[in-house]
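Following: one structure in structure tokens, then a few remarks.
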Amino acid sequence: MDYNFKIIEKTWQDFWAKNDSFEPSEDFTKKKKYILSMFPFPSGRLHMGHVRNYSISDALARYYRQQNFNVLHPIGFDSFGMPAENAAIKNNADPKEWTYNNIDYMRGEFKALGFSFSKNREFATSDELYTKFEQGFIIDMYEKGLMYSQKGLLNWCPNDQTVLANEQVIDGCCWRCDTPIVKKDMNQYYFKISEYSDELLDSLKNLEGGWPKQVLTMQENWIGKSNGLAFDLFFGSASKEKLNNTFDSFDVFTTRPDTIYGVTYTALAPEHKIVTYMIENSLLSDEVVAKIDAMKKTSSIDRQKEKSGVALNISVIHPLTKKEIPVWVANFVLMDYGSGAVMAVPAHDERDFDFAKKYNLNIKSVIKPFAGDVKVDSAFTEVGELFNSGSFDGQNSQESQKEIIKYFEDSKMGQKTTNYKLKDWGVSRQRYWGAPIPFVHCDSCGLVMEKKENLPIALPKDAEITGEGNPLERHPTWKYCKCPKCSKDATRETDTMDTFVESSWYFLRFCASESNWKDEAFSKEQISYWMGVDQYIGGIEHAILHLLYARFFTKVFRDLGYLDFDEPFDNLLTQGMVLKDGAKMSKSKGNTVDPDAIIEKYGADTARLFILFAAPPTQELEWNDNAVEGAYRFIKRFYERSVNVVKCNTIPKIEHSTLSKEEKFARVKVYEALVRANDVYNERHTFNTLIAGVMEALNALNLQQNSDVWSEAYWILSSIMEPIIPHVCYEISSNYFGLANLKPQVVLDEVFVCDSMMLGVSINGKRRTEIEVSTDASNEEIITLAKEAASKWLEDKAIVKEIVVPKKLVNIVVKG
RNA sequence: GCGGAUGUGGUGAAAUUGGUAUACACGCCAGACUUAGGAUCUGGUGCCGCAAGGCGUGGAGGUUCAAGUCCUCUCAUCCGCACCA
């Protein structure tokens, strides 16, 4: 009985394919599980991270199928994006052909790994049908005011004449031609994700328990909510005149209103509109303009290295003291946070302090420690007592904040304000291989939405992709069209959408079935049955962007009336990375292990077993060739020892009391593994412990020869291992049980009942020996036995206390 | 700097509620079978010690009859964010 994985795996893969074994049912009265792994980009080959991801989801999907759930376990391909275009440029190939060839290859890999994905629901996001529905949603969002267009600063390569994504900018230069990047003000489409900031933050609470804490915290930080006071700083009359009366004031935001009396200067971002005005109207010396230009050109990383600034020689009036305070430009003030202007309190803010020291600006303390002296050699940022603060003197600085805000509000000088780090999501890309934004520019009507019956607006097949400029823009005919409103000549929007848009709703599309696949993205009935995703599995690298965008889309779709829940993913498991030689597998490091090679040498079951056995799924997994061999040997043993099993179509009935000690022990181990299996699949997801339990059971079985015990064991073990090593388990199950055992297994409590047990005996908490006692022994009997066994350690000692922990141990506390 | 995690044998890791620390596997050692073994099977393997025994979950304290687990402090590593006003 040799273990020939090649034949076994092929047989069952064909069997599953032929029988459509993994298609979900359309019967919505059944209990359901939606098990989802993050879909891959079709890069060409699966890597071990994918294998890990899908081994986890497949184990869960197969388990719940056995438990008679209606299981949706779909897969698709996140197939738009730059790598396809880059490959096209490099190999002079068609991105579409490249993409779909890769998909074909990877589909074969999925099959070879035995993953139980639904075939019928597979799609690629570059499919025109998917684009059609997505463009429909985009139009809805625009019409609802959730999408808008605005000029924004983008990375521009002057040589290639194209916009670059942040990832394409390497050390401030173009990744292709090494030309320094400039920021260019361009029109860009945005989703109003900021409108959902509060809800995205607040409903994180509802995900507690279901999502890893780390991800919740990362999202919380990313949204970055902070409360404070916003108020206007008015120019003095001379400054106002200098600015040609164009500006009265600018507004600032602070989270520390308690430090208001300590404001000694204010600072604007180099990109602030007042600064821009002063430059454009020659109100600044050439030297100052040059300094400001230099700040603008410095990357945000370099800006952090040293603070720099320049005075604008204008001043504003402090709202409370009415003193004049100078206005500076400072490189640490960010245009895209708050209003791009800050009040500076050097005495109580480290940045403001450093800047004031460097430029010799006034420093005024207004908070003193509750005990000790006022600090002068550094910023005092802790809570203290207010002084130099007018009528607020003597107050606790923290407690005074509310009152100061109230004072500003009462006197109409400012208001309580909340700021977020989360910015609106810029979704337009000047790229070919993406979903076209379905808008039309008409000279008479302006920006017009394409009519939904004309969707999809598909990509042209004959675009020339050189990597320079936007192929859609340069295409000779594609962009010319008629205005959907007035039918005059018009042009299409040539920007395509960020690929994160596709992955923000693909999990909803999987809910659609063959019955309505072509007609609609999904039906409300399908969505309300399948959603939310019961278990989502993927890498931590998506903790922010994808997972935040998907949550945003869900809330938008709710508000558009497509669905009626708030969160898409009830439970999230973030798997750890796969490492080799202590480092993440990567081509550049040359430490990759090719899944295909492992399948070829050991088979899919071995690959799956190793990956689930080597570490719990949330932890990093160190690849180990020897341990892979170990996994292979286990499967081989498991298969070969099945010769001890006798064919049957129900689980054998065994009279437990008639068995030998070894036989009983084997049964205990088998049923322990079963109990653990249910816990692991449902709750803990620590497949490594389940596999260890099955190994223990097999080791225990080996110590006896009772064929009923063997048969019962294999009935159970091949059932609980099927989600992990499905091929060999199907083979065993088919050989001996006619596949009748792949169903829920009953735990027989009688197996765990024994007439004697071993108890540890410890003295003062230190384990000394052990005793065997009958299970119905009284505490007195147990203590007597324990004292006998431990007499050696009890000589000349006074017994203070005796503790019996049922079924565990006896502890005797002694003195002397 | 802020936030999140993780520290257990030579290695990957177990220990579900505070209750016999190191299950399972890798590696290593020994033996068996073999022309041979990088195959298979059997046994051994936390550290110190001849032994009795002692010591052991990053470190230091604490609570408890009992701590890997709870509390306080601390060190190290990894990850995320970061001049966010």
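Numbers restart at 1 for each chain; the letters A, B, ... are given by sequence-line order, proteins then strands. Please read these numbers as outputs of a predicted model, since none were measured by experiment.
- Separating the C1' atom of B:rG61 from that of B:rG1 is a span of 29 Å, rounded to the nearest Å.
- Within 4.0 Å (heavy atoms only), A:Pro616 reaches sugar-phosphate atoms of the nucleic acid but no base atom.
- Atom name P, nucleotides B:rC78 and B:rC84: the rounded distance is 25 Å, in whole Å.
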Would you list the atom pairs, donor with acceptor, under 3.5 Å between side chains in residues 541-548 of chain A and any protein atom, with sequence neighbours excluded?
{"from": "A:His546", "atom 1": "ND1", "to": "A:Ser503", "atom 2": "O", "distance (Å)": "3.4"}
{"from": "A:His546", "atom 1": "NE2", "to": "A:Tyr536", "atom 2": "OH", "distance (Å)": "2.7"}

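- Taking atom C1' in both B:rU57 and B:rC70, one finds a spacing of 16 Å when rounded to whole Å.
- Distance A:Glu683 CD to B:rU16 C1': 11 Å, rounded to the nearest Å.
- When the C1' atom is compared between B:rG46 and B:rG80, the two are found 36 Å apart, to the nearest whole Å.
- Between the side chains of A:Tyr671 and A:Asp749, no donor N or O sits under 3.5 Å from an acceptor N or O.
- Partners of A:Glu622 according to the side chain to side chain donor-acceptor pair (under 3.5 Å) rule, which considers only residues two or more places apart in sequence or in another chain, do not exist here.
- Regarding contacts with the backbone of B:rA14, every side-chain N or O of A:Arg684 stays at 4.0 angstrom or more from both OP1 and OP2.
- The line from CD1 of A:Ile691 to CG of A:Leu609 is 4.5 Å long, rounded to the nearest 0.5 Å.
- Across all strands, A:Asn688 comes closer than 4.0 Å only to sugar-phosphate atoms, never to a base (heavy-atom distances).
- Exactly one residue among A:Phe687, A:Trp623, A:Phe634 makes a ring pair (Phe, Tyr, Trp, His ring centres under 6.0 Å) with A:Phe610. That residue is A:Trp623.
- For A:Tyr337, the side-chain atoms get nearest to B:rA85 when compared with the rest of B:rA85, B:rC26, B:rU20.
- Heavy atoms of A:Val333 sit under 4.0 angstrom from at least one base atom.
- Annotation: side chain to side chain donor-acceptor pair (under 3.5 Å) contacts of A:Lys364 (sequence neighbours excluded): none.
- Within 4.0 Å of A:Glu306, counting heavy atoms only, lies at least one base atom of the nucleic acid.
- Following rounding to the nearest Å, A:Tyr420 (OH) and B:rA82 (C1') show an atom-to-atom distance of 20 Å.
- Protein atom CG of A:Asp679 is 11 Å distant from nucleotide atom P of B:rU16, rounded to whole Å.
- The CG-C1' distance, from A:Asp336 to B:rA82, rounds to 13 Å in whole Å.
- Residues A:Tyr632 and A:Asp605 bring no donor and acceptor atom of their side chains to less than 3.5 Å of each other.
- By the salt bridge (charged side-chain N to carboxylate O under 4.0 Å, His left out) test, A:Lys580 pairs with no residue at all, sequence neighbours left out.
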Item checked: Step-by-step side chain to side chain contact (heavy atoms under 4.5 Å, CB included) determination, A:Ile56 to A:Arg52 -> CA-CA 6 Å; A:Ile56 296 165; A:Arg52 191 176 198 192; 4.2 Å; yes
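- B:rU77 sits 16 Å from B:rU8 when the C1' atoms are compared, rounded to a whole Å.
- Within the structure, side-chain hydrogen bond (donor to acceptor under 3.5 Å, both in side chains) pairs that include any residue of residues 691-702 of chain A comprise A:Arg641-A:Asn702, A:Lys669-A:Glu696 (at least two apart or interchain).
- We find that CE of A:Met343 is positioned 12 Å from P of B:rA85, with the value rounded to whole Å.
- Rounding to the nearest 0.5 Å places CZ of A:Arg551 at 5.5 Å from CG of A:Leu207.
- A side-chain N or O of A:Asp424 and one of A:Ser194 form a donor-acceptor pair less than 3.5 Å apart.
- Considering only residues two or more places apart in sequence or on other chains, A:Arg676 meets the side chain to side chain donor-acceptor pair (under 3.5 Å) condition with none of them.
- Distance, A:Ile540 CD1 to B:rC81 P: 11 Å, rounded to whole Å.
- B:rC24 and B:rG43 have their P atoms separated by 12 Å, given to the nearest Å.
- Paired runs in RNA chain B that reach 3 or more consecutive Watson-Crick or G-U pairs, where each pair keeps both distances under 3.5 Å, cover B:1-7 with B:75-81, B:10-12 with B:24-26, B:27-32 with B:40-45, B:46-48 with B:53-55, B:58-62 with B:70-74.
- Heavy-atom distances under 4.0 Å link RNA chain B to A:Ala692, A:Met695, A:Glu696, A:Asn699, A:Asn702 of residues 691-702 of chain A, given in residue order.
- The CZ atom of A:Phe250 sits 18 Å away from the P atom of B:rA85 (whole-angstrom rounding).
- Scored by the ring pair (Phe, Tyr, Trp, His ring centres under 6.0 Å) test, A:Tyr337 finds no partners at all (sequence neighbours excluded).
- With sequence neighbours left out, the side chain to side chain donor-acceptor pair (under 3.5 Å) criterion links A:Asp336 to A:Lys423.
- Among the heavy atoms of the strands, none lies under 4.0 Å from A:Ser762.
- Annotation: B:rA21 and B:rG9 have their C1' atoms spaced 11 Å apart (nearest Å).
- Comparing A:Phe253 and A:Arg637 against RNA chain B, the residue whose closest nucleotide sits nearer the 5' end is A:Arg637.
- With its glycosidic angle more than 90° from 0, B:rG49 is assigned anti.
- Annotation: B:rC71 and B:rU63 have their P atoms spaced 15 Å apart (nearest Å).
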Next item on the list: Spell out protein contact along nucleotides 1-12 of chain B as letters: B when the base is contacted, S when just the sugar-phosphate is, - when no protein heavy atom is under 4.0 Å; keep the 5' to 3' order.
Entry: --SSS------S
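- Salt-bridge formation is not detected for the pair A:Lys213/A:Glu208: no Lys NZ or Arg NE/NH1/NH2 atom is positioned less than 4.0 Å from an Asp or Glu carboxylate oxygen.
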Margin query: Can you build the contact string for nucleotides 47-69 of chain B? Use B for base contact, S for sugar-phosphate-only contact, and - for no protein heavy atom under 4.0 Å.
Written below: -----SSS-B--------BS---
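- Comparing B:rA85, B:rU20, B:rG19 against the side chain of A:Glu770 picks out B:rU20 as the nearest.
- Contact between the side-chain N/O atoms of A:Arg351 and the OP1/OP2 oxygens of B:rC84 is found at a separation under 4.0 Å.
- If you measure from atom NZ of A:Lys421 to atom P of B:rA82, you get 7 Å, rounded to the nearest angstrom.
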